[in-house]
Amino acid sequence: MSRKVNMQRKTKETDIKISVSLDGKGKLSGDNPIPFFEHMLSHLAKYSLLDIHLDLKGDIEIDCHHSVEDTAIILGDAIHQALGDKKGIFRYGCFTLPMDEVLTTVSIDFSNRPYFQYTGPDLISMGKFGIYDSELTHEFLHKLSIHAKMNLHVLVHYGKNRHHIHESIFKALGFSIRFASEIDQKRNNEIPSTKGTL
């Protein structure tokens, strides 16, 4: 069964094409005009082992908000669609990642019940990385949780370097998606829920 999806989202603010393969090698390709966002997505792809091809056009002459938000929407939709009925997946994923002085835990559940919680330093929303406003990471995570229909809990235990905080989140998210989306060979193609459905 192929777990690969191609999608497009076109609005008056953005035009985004994406291809996502859950069973990839962790490659990010395409055209993204926001350098820091590209850097973060490369970590997400690398550690989730998702292959992501993203062609992003947006009104970045205004700011990067619409582009980052709409990328989260289409990426979440693509992951949700690629997971299908979720038979056989582990469903849950959790990873604690150290990055120098920062320690971050990301936990997810592909439950079909969206929920997002961030706990950690307010530094996540302060300042800019080039043209990328720091607060957009929070926006990205929130919209991704909604459209991937997953519980997403991000806990930054401690840390001071803004770059390290953001990067540790995307890396830990990648590992968590990898673990949660992998096929459990012992599950015998069953829905991972005692209810029999998600």
Worked verdict on H166 versus T137 for side-chain hydrogen bond (donor to acceptor under 3.5 Å, both in side chains) = CA-CA 7 Å; H166 288 255; T137 293; 2.8 Å; yes
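The shortest heavy-atom contact between I89 and S181 is CG2-O, 3.7 Å. Y132 and V68 get closest at one heavy-atom pair: CE1-CG2, 3.9 Å.
Sorted by first then second residue, the salt bridge (charged side-chain N to carboxylate O under 4.0 Å, His left out) pairs that include residues 103-123, not counting sequence neighbours, are R91-D109. Applying the salt bridge (charged side-chain N to carboxylate O under 4.0 Å, His left out) test to pairs two or more places apart or on separate chains, those with a residue in residues 143-152 are E69-K143, E139-K143.
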Identify each donor-acceptor pair in which a side-chain atom of residues 26-38 lies under 3.5 Å from a protein atom, sequence neighbours left out, and give them as a table.
unit_1 : atom_1 : unit_2 : atom_2 : d
S29    : OG     : H53    : ND1    : 2.7
N32    : OD1    : I34    : N      : 2.9

Report all side-chain donor-acceptor pairs from residues 13-20 shorter than 3.5 Å, counting only partners two or more places apart or in another chain.
unit_1 : atom_1 : unit_2 : atom_2 : d
E13    : OE2    : H66    : NE2    : 3.3
T14    : OG1    : T11    : OG1    : 3.4
T14    : OG1    : D70    : OD2    : 2.6
D15    : OD1    : Q8     : NE2    : 2.9
S19    : OG     : N6     : OD1    : 2.9

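Counting Ile, Leu, Val, Met, Phe, Trp and Tyr side chains that sit under 4.5 Å apart, directly or through other members, L103 shares a hydrophobic cluster with Y158. In the hydrophobic clustering, I146 connects to no other residue, as no ILVMFWY side-chain heavy atoms lie under 4.5 Å from its own. Alongside L198, the hydrophobic cluster contains I191 (criterion: ILVMFWY side chains under 4.5 Å). In this structure, F175 shares a hydrophobic cluster with Y47, F95, L97, M99, F179, the cluster being traced through Ile, Leu, Val, Met, Phe, Trp and Tyr side chains under 4.5 angstrom apart.
By the side-chain hydrogen bond (donor to acceptor under 3.5 Å, both in side chains) test, D100 is found to be paired with H164, residues two or more places apart in sequence or in another chain being considered. For D77, the side-chain hydrogen bond (donor to acceptor under 3.5 Å, both in side chains) criterion is met by H147, not counting sequence neighbours. Here H138 pairs with F116 under the ring-ring contact (aromatic ring centres under 6.0 Å, His included) rule; sequence neighbours left out. E101 meets the salt bridge (charged side-chain N to carboxylate O under 4.0 Å, His left out) test with no other residue; sequence neighbours excluded.
No continuous path of hydrophobic side-chain contacts links F140 to I73 [ILVMFWY only; heavy atoms under 4.5 Å].
The ring of H80 has its center no closer than 6.0 angstrom to the ring center of F110.
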